[in-house]
Amino acid sequence: MAVTDQLRIALAQLNPKVGDLPGNLALARRALADAQAAKADILMLSELFLTGYFPDDLLFKSQFVADAMETARSLIADTAGTDVVLILPTIWQDKGNLYNAVLVGENGAIIATRYKRELPNTDVFYEKRYFAAGPLPQPVDIKGVPVGIPICEDIWHRPVCEHLAMRGAEIMLCPNGSPYWTDKQHVRKDLVRARVGEDDVPLIYLNQVGGQDELVFDGASFAMEPGGKLVVQGKSFETDFIVSDWSRGENGWTCTNGRVEDLTSVEEAPWRAAVLGLRDYVQKNGFRDVVLGLSGGIDSAVVAAMAVDAFGPEKVHCIMLPYRYTSEDSLRDAKDCATRLGVRYDVVAIGDPVDAALRELQPIFGNRPLDTAEENIQSRMRGTILMAVSNKLGSMLLTTGNKSEMGVGYATIYGDMNGGYNPLKDMFKMEVYALADWRNKHLPGDCLGPSGEVIPQSIIDKAPSAELRPDQTDQDSLPPYPVLDDILRSIVEDEMSLGEVVARGHDPALVKRIERLLNIAEYKRRQSAPGPKLTPRAFGLGRKYPITNGYKDFTVG
């Protein structure tokens, strides 16, 4: 085979859907056509592209495996008559073992297979449950160039890239399914910089984009040369087709033409992740529009703004559900927010049905004093009405509880927790406030909402309240949110002992109380709607604690 000193490499940063073999095949075929039109030598797709990442227990379904392999063969056949070599990540079965694999296709045939060696088995992915680990891989000869193809987790450990470089790989092409969390883009850069520095070989990193249940993949594909020079940077949180030119000289391969996009800022990234996760969850599950309760508080206002950014105002329906404790400020603020966002806004009073329920319950409740039972009837009535609208109109109901409230169970199960998706599930209360302020000053390019102050300042400024009794505020039952957030972040995300949390300056009795509330609310969180994972320790997918839990932390007396 003739050896080339020039390569044009195309990266298809796309948004596959788990399990949608025909849909993902269609996306791949369009990318192949685009690569051919761009006169690319190589087209790379992201990790497990045809099946979507990650298929979970679909991988135990033998027909799914067979269908995926047949789909892969069909796509490889499409390379016949083209000059494009296809790097196709997919599942592959060999001698009874299932692998997270890459097929290399050229002229309609599979010219090489490579299997992922380092299988992640922590956090959100448990690949050892499904896959066998591959051997240390050899480079693949592509147009006379020895190319290393480490797969995602393979580059998080030194041996695979080191082995490929020692076997003569001159350039590394790495397909990934790497989900977003805070600062993840910079973590990846540091990782690749280390591998490139160790092996003195450039590395091209392709990541998928899109929402998949609780995960959000942020794209942001890039390439780095030895010396840590960033030579290619794709878009964040958007699909992208990235073409770069590479030339081999005396010092190896260098990029002669590469597009470098600006990364999203750390302030913008959570908003973009939440909007993308919401959009894909709703649309990939076949819903056309969404509905939510707009209370006049910060959380529902932020969710409404995210929904408008995701779908446009014509697909967002907001409903105010007032009771006798709903303040005039809340009524005014909810209407103002809806007007600014341009959404449909309805008012459905819950006074009659709540009062009727209380009358019917009086023989059972008797003369017991009023407490959360009566308060929760209000919340559950709202949840019932919103679900009725969802059922009748076919809109997905969004729920709006933040991580602080979910952490301590400050939410009503089967009430305000009703809904199919929660964009704020992994955001502490103070982060919600910060995002509201950020969104009032910025409009990301892929968002469909209006610019300007879409969340009234009066909502941001007023004390938060569930308004389930007269003059109620959240701080009647909870410490100030900056204090609560720090305690929860310390326990949940940093796994500190109670003694370590107290050492941060918190009251010992308060820390013990918050830990108790955190533990007893696990059953609620287990039944809560999914939402985008934005931190390493999100409730649900990122933090698996037992509901029945007898452990006691005795580091505080």
Side-chain angles (χ1 to χ4, degrees), residues 8-38 40-55 58 68 71-72 74-76 78-79 82 84-91 100-105 149 151-152 173-180 184-185 188 204-213 215-223 232-244 258-259 261 263-264 272-273 275-285 310 444-446 532:
R8 176 166 288 182
I9 300 173
L11 307 178
Q13 181 178 292
L14 301 177
N15 187 346
K17 178 180 177 180
V18 164
D20 186 5
L21 299 175
N24 297 340
L25 176 61
L27 288 176
R29 282 176 166 158
R30 285 197 289 274
L32 184 58
D34 290 342
Q36 191 173 2
D41 298 295
I42 298 172
L43 169 65
M44 180 163 62
L45 298 170
S46 56
E47 184 176 15
L48 291 187
F49 183 84
L50 287 182
T51 63
Y53 196 80
F54 191 73
L58 278 175
T71 302
S74 174
L75 181 58
I76 293 291
D78 289 350
T79 62
T82 76
V84 180
V85 175
L86 175 64
I87 296 178
L88 171 60
T90 188
I91 59 174
N100 182 334
V102 162
L103 311 182
V104 182
I149 310 178
I151 304 172
C152 198
L173 302 182
C174 181
N176 293 266
S178 178
Y180 164 84
K184 187 70 172 290
Q185 296 175 341
R188 297 187 195 117
I204 300 176
Y205 182 107
L206 169 63
N207 193 26
Q208 76 172 51
V209 69
Q212 172 57 40
D213 294 346
L215 298 180
V216 179
F217 298 90
D218 56 303
S221 305
F222 64 96
V232 173
Q233 178 64 67
K235 297 177 181 178
S236 302
F237 302 104
E238 298 180 51
T239 58
D240 203 358
F241 190 78
I242 307 159
V243 178
S244 57
R259 168 167 52 92
E261 301 277 351
L263 280 177
T264 53
R272 297 286 299 278
V275 168
L276 177 58
L278 169 60
R279 179 187 294 137
D280 275 0
Y281 189 83
V282 169
Q283 293 181 345
K284 288 181 178 181
N285 283 290
D446 69 331

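Counting from 1, the numbers follow the sequence of the chain as shown. Computation of the quantities below employed the complete heavy-atom set of this structure, encompassing side-chain atoms and omitting hydrogens, waters and symmetry-equivalent molecules. Values in this document were obtained by computation on a predicted structure and should not be read as measured data.
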Please tell me if the side chains of Gln212 and Pro16 come closer than 4.5 Å, counting only heavy atoms from C-beta onward.
no
For a quick test of reading the model, state the closest non-hydrogen atom pair linking Leu206 to Ser221 and the distance between them.
CD1-OG, 3.4 Å
By side-chain contact (heavy atoms from CB on, under 4.5 Å) - contacts of Leu58 (at least two apart):
Val18, Pro55, Phe64
So do the side chains of Tyr205 and Ser178 get within less than 4.5 Å of each other, counting heavy atoms only?
yes
Residue list, salt bridge (Lys or Arg N to Asp or Glu O under 4.0 Å) with Lys17, at least two apart or on another chain:
none
For residues Tyr53 and Asn100, determine if any side-chain heavy atom of one lies less than 4.5 Å from a side-chain heavy atom of the other.
yes
Given Gln13 and Ile242, is the side chain to side chain contact (heavy atoms under 4.5 Å, CB included) satisfied, shown in steps?
CA-CA 8 Å; Gln13 181 178 292; Ile242 307 159; 4.0 Å; yes
Residue set satisfying side-chain hydrogen bond (donor to acceptor under 3.5 Å, both in side chains) with Thr90, at least two apart, ordered chain then number -> none
Who pairs with Gln233 by side-chain hydrogen bond (donor to acceptor under 3.5 Å, both in side chains), at least two apart in sequence or on another chain?
Lys189
For Thr82 and Gln36, does a side-chain donor sit closer than 3.5 Å to a side-chain acceptor?
no
Applying the side chain to side chain contact (heavy atoms under 4.5 Å, CB included) test to Leu43, which of Asp34, Leu11, Val84 qualifies?
Val84
Step-by-step side chain to side chain contact (heavy atoms under 4.5 Å, CB included) determination, Leu50 to Leu45:
CA-CA 9 Å; Leu50 287 182; Leu45 298 170; 5.7 Å; no
Close side-chain approach of Thr79 and Val85, heavy atoms under 4.5 Å:
no
Test salt bridge (Lys or Arg N to Asp or Glu O under 4.0 Å) applied to Arg188 - qualifying residues, sequence neighbours left out
Asp218
Approximate separation, where rounding is to 0.5 Å, of Ile91 CD1 and Leu103 CG:
10.5 Å
Among residues at least two apart in sequence or on other chains, which ones pass side-chain hydrogen bond (donor to acceptor under 3.5 Å, both in side chains) with Asp446?
Arg272
Pairs involving residues 20-29, ordered by first then second residue, that meet salt bridge (Lys or Arg N to Asp or Glu O under 4.0 Å) (sequence neighbours left out):
Arg29-Asp78
Residues forming a side-chain hydrogen bond (donor to acceptor under 3.5 Å, both in side chains) with Tyr281, sequence neighbours excluded:
none
Partner set under side-chain contact (heavy atoms from CB on, under 4.5 Å) for Lys235, not counting sequence neighbours
Glu238, Asp240, Arg259, Glu261
Please walk me through it: do Leu75 and Leu25 pass side chain to side chain contact (heavy atoms under 4.5 Å, CB included)?
CA-CA 7 Å; Leu75 181 58; Leu25 176 61; 3.7 Å; yes
Shortest non-hydrogen contact between Val232 and Ser244, atoms and distance:
CG2-CB, 3.7 Å
Partner set under salt bridge (Lys or Arg N to Asp or Glu O under 4.0 Å) for Asp213, not counting sequence neighbours:
none
Using the side-chain contact (heavy atoms from CB on, under 4.5 Å) criterion, which residues pair with Cys152? Sequence neighbours excluded.
Glu47, Lys116, Asn176
Between Asn24 and Phe49 the two heavy atoms that sit nearest each other are O-CE2, 3.2 Å
Once side-chain contact (heavy atoms from CB on, under 4.5 Å) is applied, do any residues pair with Ser236, and if so which ones, sequence neighbours excluded?
Gln185, Ala220, Leu263, Thr264
If every non-hydrogen atom of Pro175 is compared with every non-hydrogen atom of Ile149, which pair is closest and at what distance?
CD-CG2, 4.2 Å
Please find the pair of heavy atoms, one from Thr51 and one from Ala68, that lie closest to each other, and give the distance.
CG2-CB, 3.9 Å
Can you see which heavy atom on Pro179 is nearest to which on Leu215, and at what distance?
CB-CD2, 4.2 Å
Return the CZ to CD1 distance between Arg8 and Ile42, rounded to the nearest 0.5 Å.
12.5 Å
CG of Asn15 to CD of Gln208, rounded to nearest 0.5 Å, is 7.5 Å
As an exercise, state the distance from CG of Leu173 to CD1 of Ile151, rounded to the nearest 0.5 Å.
12.0 Å
Indicate yes or no: at least one non-hydrogen side-chain atom of Pro89 is less than 4.5 angstrom from one of Leu48.
no
